[in-house]
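Treat the numbers as computed from the prediction; the structure is a model and nothing was measured. Computed from heavy atoms alone, side chains included, the values below leave out hydrogens, waters and symmetry copies.
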Amino acid sequence: MTTTKITRRMFGGLGAAGVTVLLLAACGSNDSTSSSSADAASGQGSASGGKLTLAYNSDGPHKAWVEAVCNSVSNTLGIKMEPLPFAQFSELRSQITDRTLVGAFRTGWQADYPSMANFLGAVYQTGAGSNDADYSNADFDRLLADAAASTDEAAAADLYLQAQAQLLKDLPAVPLWYQNGFGGHSNNVANVAFNWKSVPVYNEITTNAADGIVIANDTEPQNALVPSNTNEVGGGRIIDLIFSNLVRFETDGSVVNEVAESIETDDNQNYTVKIKDGWTFTDGSPVTADSFIKAWNYGALLSNAHLSSYFYEVIEGFSYDEDSELTGLTKIDDLTFTIKLTAPASDFKLRLGYSAFAPLPEVAFEDMDAFGQAPIGNGPYKVDSWTHDAEIVLSKNADYRGGQTVANEGVTFTIYTDYDSAYNDLLADSLDVLDAIPDSALSSFTSELGERAINQPGAVIQTLSINVNADHFKMDDEGRLRRAAISRAINRKEICDTLYYDTRTPASDFTSPVIAGWSDTIEGSDVLTYDETDAKALWDQANAIAEF
């Protein structure tokens with residue numbers, strides 16, 4: 001297969017960032033009548049006349065699960081649900097963002113930072129950049145705002161659960177399953193674990209190689225390695241290793257101060273940040289308040305068109321319409337600055353662990369493109385070389401001052417264009433760490449790798465959506481009944497068991513089990529359980545309002 005760029009943020013909606021797809025592996029096949037690629041390219045689809053299409057991009061391995069979902073719905077409801085393939089992800093995204101696509105389409109989310117707000121607000125809040133279904137509910141928005149303003153974590157978590165209960169009534173998207181992080185490692189390394197985002201914890205890996213170097217897989221970064229303009233996995237994993245932010249995430253997703261000595265707020269809207277003294281970039285220059293303020297302003301500037309600019313929209317002064325300074329950032333002294341947000345955000349400290357909030361040295365602003373080819377960071381590793389489409393060589397940063405242990409001398413990332421080749425190299429012990437398993441090996445990798453296989457929950461959820469302005473699927477009684485019927489008609493467990501060999505788990509909410517506050521007993525979550533009788537009854541009730 002050809003490896004498509006994998007977004008770190010989301011794989012269902014485009015938003016302000018123009019992001020790309022996270023490939024969800026599938027295997028096997030079910031018989032199903034597929035709509036033609038020509039129909040997809042012309043933007044056709046169906047959501048009436050007894051026919052409903054489910055659009056997906058065929059340049060990623062989604063065909064098997066889409067066919068399985070269509071079969072499950074068709075067999076249960078007695079309608080004709082058909083796959084609608086698009087040759088490329090960009091074609092599918094164009095139709096979704098232009099609102100020209102008719103019928104259902106695949107969506108999903110990979111967390112930027114470990115917060116329920118990241119799963120809920122960015123996708124379902126009124127006007128949110130990734131709100132592909134055009135969902136809007138004042139009660140839901142109020143619950144999110146109240147949670148963001150809350151200074152009590154338990155109270156905020158309860159408000160997020162109430163917000164999810166509202167989503168379960170409306171179903172602007174139909175949750176399908178959570179995706180695990182799965183991969184493996186060679187006989188040459190030990191202490192290999194995946195973090196909450198399903199990314200290997202490279203700094204903790206030990207190796208018996210004489211040079212102390214770990215060999216890992218990667219894909220060619222989409223752009224130059226600038227933190228605010230890198231939102232796909234190929235470049236993102238490099239950024240995360242060579243830059244340290246104000247805070248960092250532990251393996252389990254808990255947040256701890258890294259460059260920050262303290263981050264204080266009384267209202268979740270005004271923050272005072274104090275930086276630890278002595279931090280330097282690998283060129284020897286100091287990490288100061290200006291390192292953060294200038295980097296964030298550069299990333300937020302409209303004319304720079306950086307892919308992660310949306311992360312700064314919560315800071316006062318940000319604009320999507322014109323070049324504008326982030327007036328909410330104020331330098332107090334070399335190691336202190338303040339941040340003023342446009343509204344309270346109780347999870348803002350968590351957001352600061354995302355790569356868009358990394359600092360930059362002064363030299364970066366002399367020529368940002370050149371800097372991105374040989375970036376200078378302040379993290380546990382530094383870039384020694386980047387041979388495009390071949391490898392990226394990182395070595396241990398001896399001057400790193402953070403709290404992470406670096407147990408090896410470096411990581412060399414070999415660039416692969418398909419996971420089958422990478423998996424074969426892993427079996428031959430010529431690759432030390434693989435962060436995904438190809439479809440062809442899903443049924444066998446645990447037996448072939450034994451204790452070297454990794455399969456654990458990650459912060460990724462797969463969903464399908466139908467725009468709430470579409471006929472028969474509006475935010476009215478008919479629309480809610482139809483979405484509930486479709487959800488009830490999907491046999492998630494059978495699909496996960498048949499296609500995914502324990503690498504997926506049926507969803508019971510809109511977030512992920514690895515996120516603090518997650519619950520599988522939210523009011524109304526039974527709508528995500530397969531029930532043939534209830535599904536038919538719901539569909540019949542909808543047909544009594546208007547024939548499909």
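- Considering only heavy atoms from C-beta on, Gln222 comes within 4.5 Å of Asn231 through its side chain.
- Judged by distance alone, the side chain of Glu478 and the main-chain N or O of Leu481 form no donor-acceptor pair under 3.5 Å.
- Taking each heavy atom of Ser324 and Ser319 in turn, the nearest pair found is CB-CB, 3.8 Å.
- Between the side chains of Ser150 and Asp152, no donor-acceptor pair is found at a separation under 3.5 Å.
- The backbone N or O of Ala345 sits nowhere less than 3.5 Å from a side-chain atom of Asn268 that would complete a donor-acceptor pair.
- A donor-acceptor contact closer than 3.5 angstrom is absent between the side chains of Asp132 and Ser130.
- Listed for the Ser525 side chain is no donor-acceptor partner under 3.5 Å among the backbone atoms of Thr521.
- Checked for salt-bridge contact, Lys331 and Asp290 meet the test: a charged N lies under 4.0 Å from a carboxylate O.
- Thr107 and Ser465 form a side-chain donor-acceptor contact under 3.5 Å, judged by distance and modelled atom types alone.
- Using a cutoff of 4.0 Å between basic side-chain nitrogens and carboxylate oxygens, Glu250 and Arg248 are scored as salt-bridged.
- Aromatic ring centres of Phe119 and Tyr124: separated by at least 6.0 Å.
- Between Phe510 and Trp109, the distance from one ring center to the other does not fall under 6.0 angstrom.
- Judged purely by atom type and a 3.5 angstrom limit, Trp296 has no side-chain atom pairing as donor or acceptor with the backbone of Tyr312.
- Using modelled atom types, one finds no donor on one side chain facing an acceptor on the other under 3.5 Å when comparing Ser308 with Ser228.
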For this session: Show the numbers, then the answer: is there a side chain to side chain donor-acceptor pair (under 3.5 Å) between Tyr178 and Ser508?
Result: CA-CA 9 Å; Tyr178 312 117; Ser508 56; 3.3 Å; yes
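- For the residue pair Gln164 / Asp509, a side-chain donor-acceptor distance below 3.5 Å is found, with atom types taken as modelled.
- The ring pair (Phe, Tyr, Trp, His ring centres under 6.0 Å) contacts involving residues 254-273 comprise Tyr271-Phe348, where partners must be two or more places apart or lie in separate chains.
- Remark: the backbone N or O of His306 is paired with a side-chain donor or acceptor of Ser309 at under 3.5 angstrom.
- Looking only at side-chain heavy atoms (C-beta outward), Arg99 and Asp134 come within less than 4.5 Å of each other.
- Arg488 places none of its side-chain heavy atoms less than 4.5 Å from the side chain of Ile490.
- Ser355 and Arg237 share no donor-acceptor pair across their side chains, judged by distance under 3.5 Å alone.
- A donor-acceptor pair under 3.5 Å links the side-chain atoms of Thr97 to the main chain of Ser94, judged by distance alone.
- Looking only at side-chain heavy atoms (C-beta outward), Ile275 and Phe292 come within less than 4.5 Å of each other.
- A salt bridge is defined here as a Lys NZ or Arg NE, NH1 or NH2 lying under 4.0 Å from an Asp or Glu carboxylate O, and Asp347 with Arg351 meets this definition.
- A side-chain N or O of Asp333 and one of Thr336 form a donor-acceptor pair less than 3.5 Å apart.
- With no hydrogens or angles considered, no side-chain donor-acceptor pair links Thr288 and Asp334 at under 3.5 Å.
- Looking at Asn137 and Asp170, their side chains do bring a donor and an acceptor atom within 3.5 Å of each other.
- Between His62 and Tyr56, the ring planes are perpendicular. Angles over 60° get that label, and only those under 30° would be called parallel.
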For this session: For Tyr400 and Ser244, run side-chain contact (heavy atoms from CB on, under 4.5 Å): C-alpha distance rounded to whole Å, both residues' side-chain angles, the deciding distance at 0.1 Å, then the answer.
Result: CA-CA 9 Å; Tyr400 168 67; Ser244 285; 3.5 Å; yes
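- Side-chain atoms of Arg106 and Asn57 form a donor-acceptor pair, as typed in the model, at a separation below 3.5 Å.
- A side-chain donor from one of Thr126 and Ser136 sits under 3.5 Å from a side-chain acceptor of the other.
- The pair Glu532-Lys536 meets the salt-bridge criterion, since a charged nitrogen lies less than 4.0 angstrom from a carboxylate oxygen.
- Judged by distance alone, the side chains of Glu261 and Asn257 never bring a donor and an acceptor atom under 3.5 Å apart.
- Between Phe311 and Tyr354, the ring center distance clears the sub-6.0 Å criterion.
- The side-chain heavy atoms of Phe194 and Asn180, taken from C-beta on, include no pair separated by under 4.5 Å.
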